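Inspection log for the structure reproduced underneath, given as structure tokens.
One is the number of the first residue; the rest follow in order along the sequence. Because the structure is predicted, anything quoted here is derived from the model rather than measured. Just so you know, ligand 1 is whichever comes first in the structure, and atom 1 is the first atom listed for that ligand.
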Amino acid sequence: MPGIAREEQGSAGGWFDRLVARVQGEERKTIAVAMAQEGHVLQALEAARKHNLANGILVGEIEAIRRAAEEVEVDLSHFELVPQRGEEEAVHRAIEVVRAKEAELLMKGKCSTAAFLRGILDREKGLRGSGLLSHLAVFEVSTYPKPLFMSDAAMNICPDLLQKVEITKNAIWAAHRLGVEVPKVALIAAAERVDPEHMPCTVDAAAIAKMADRGQLGKALVDGPLAVDNALDPESCRVKGIQSAVAGDADILIMPNIEAGNTFYKVMTILARAKTAGVLLGARVPVVLPSRADSDETKFLSIAVAVALS
Ligand code: COD
């Protein structure tokens with residue numbers, strides 16, 4: 001299948017390939033897909049099936065699913081189809097499949113992110129966990145020597161201090177599950193100076209870093225505020241005289257708001273051509289949550305990460 005699980009190894013040393021190889025050896029999962037009538041979603045699900053990661057239950061308009069499958073030459077005989085018209089209705093139906101334990105994972109198809117998230121947040125019929133839900137992106141890029149995790153590009157619009165703490169804890173939890181024993185977390189701002197007057201997010205970053213120093217965030221090294229160059233580039237830290245266990249070597253970037261997170265995500269995928277995965281953390285099951293315009297490869301890698309987290 002073109003574009004999926006390429007042989008090419010980035011500087012992160014084929015991290016996604018190793019992740020796929022690891023989860024291939026585990027028990028196959030089932031994914032319920034809300035509005036599955038989209039070519040890249042179907043290609044990603046077919047690749048997940050062929051790689052022994054997961055089977056798909058496709059919820060949506062059957063005719064539209066058939067048309068999309070024909071266009072990308074995916075054989076639907078390997079999938080269970082659940083007919084459901086309408087965006088909100090398809091989201092609820094896919095969630096019902098998960099709540100009935102017929103699937104262990106949920107995936108967004110051709111529906112809007114906000115409608116999908118509202119369905120998950122529904123108090124009676126949704127999939128809320130006990131804490132905050134947040135989006136996590138994982139990148140493998142030739143210009144960085146290890147996988148890079150980043151949150152939040154898609155769910156929490158303008159998180160307050162408590163929400164940023166939860167976002168950071170969710171990301172640390174996922175990094176542990178994905179094999180990073182003591183993740184280095186950079187709390188991103190536009191500068192490394194704490195500036196209560198002009199940049200309130202630098203104060204949040206400093207508070208969270210201090211909470212982490214006191215052991216309140218679990219097994220991780222956390223520092224901030226740091227600008228993106230200070231988080232990722234040792235040379236910029238040398239020039240600026242920044243001394244920190246995290247600076248220049250971050251595993252996780254926590255963004256101050258959705259604009260910063262979403263912009264970083266799209267620059268990584270479009271300009272840096274990073275291999276990318278996107279998942280939602282904090283729900284009752286891991287949720288595959290790529291952008292609608294993401295490639296089949298990103299959708300496949302998002303499934304692999306969600307399976308690894310389940
Ligand atoms: N985790 C847990 N509970 C939450 C969360 C969260 N991250 N967000 C909201 N809730 C709870 C609230 O506590 C409340 O009980 C209920 O859900 C409703 O909250 P509101 O009033 O903020 O809900 P909405 O419907 O106005 O907004 C929720 C969305 C997730 C739809 C909204 O935050 C949103 O649109 N996010 C961005 C989605 C998006 O468009 N992304 C684009 C980039 S791809």
Atom 33 (O) of ligand 1 has as its nearest protein heavy atom Met155 O, 3.5 Å
Does atom 21 (O) of ligand 1 have a protein heavy-atom neighbour under 4.0 Å away? no
Is atom 15 (O) of ligand 1 less than 4.0 angstrom from some protein heavy atom? yes
Can you find an N/O atom of Asn262 closer than 3.5 Å to an N/O atom of ligand 1? no
Is atom 7 (N) of ligand 1 less than 4.0 angstrom from some protein heavy atom? yes
Counting non-hydrogen protein atoms only, what is the nearest one to atom 38 (C) of ligand 1? Give residue, atom name and distance. Ala154 O, 3.3 Å
Considering non-hydrogen atoms of the protein only, which is the closest contact for atom 44 (S) of ligand 1, and what is the distance? Thr113 OG1, 3.7 Å
Would you call Arg123 a ligand 1 contact, heavy-atom distance under 4.0 Å? yes
Take Arg49 and Asn55 through the side-chain hydrogen bond (donor to acceptor under 3.5 Å, both in side chains) test and state the conclusion after the steps. CA-CA 5 Å; Arg49 189 188 68 76; Asn55 293 327; 6.0 Å; no
Non-hydrogen side-chain atoms of Met107 and Lys299 separated by less than 4.5 Å: yes
Taking Glu96 first and then Arg99, would you say they form a salt bridge - that is, a charged N and a carboxylate O separated by under 4.0 Å? no
Distance from atom 26 (O) of ligand 1 to nearest protein heavy atom, with residue and atom: Arg118 NH2, 4.3 Å
Got Met155 and Leu121 here, is their nearest side-chain heavy-atom distance under 4.5 Å? yes
Among all protein non-hydrogen atoms, which one is nearest to atom 5 (C) of ligand 1, and what is the separation to 0.1 Å? Leu121 CD2, 3.9 Å
Is the closest protein non-hydrogen atom to atom 10 (N) of ligand 1 under 4.0 Å? yes
Can you check whether Gln37 reaches Arg67 side chain to side chain, under 4.5 Å on heavy atoms? no
Protein non-hydrogen atom below 4.0 angstrom of atom 18 (C) of ligand 1 present: no
Output the list of atoms in ligand 1 that are nearer than 4.0 Å to some heavy atom of Leu117, sorted by atom number. 30 (C), 38 (C)
Salt bridge present between Lys184 and Asp223 (N-O < 4.0 angstrom): no
Leu133 contact mode with ligand 1 (heavy-atom cut-off under 4.0 Å): both
Pair Arg66 + Glu70, salt bridge at N-O below 4.0 Å: no
Kindly work out whether a path of hydrophobic side-chain contacts (I/L/V/M/F/W/Y, heavy atoms less than 4.5 Å apart) joins Val180 to Val185. yes
closest protein heavy atom to atom 12 (C) of ligand 1 is Arg128 NH2, 4.2 Å
Give the residue, atom name and distance (to 0.1 Å) of the protein heavy atom nearest atom 34 (C) of ligand 1. Ile157 CD1, 3.7 Å
Between Leu117 and Leu280, is any pair of side-chain heavy atoms under 4.5 Å apart? yes
Taking C-beta and beyond as the side chain, do His78 and Glu46 meet within less than 4.5 Å on heavy atoms? yes
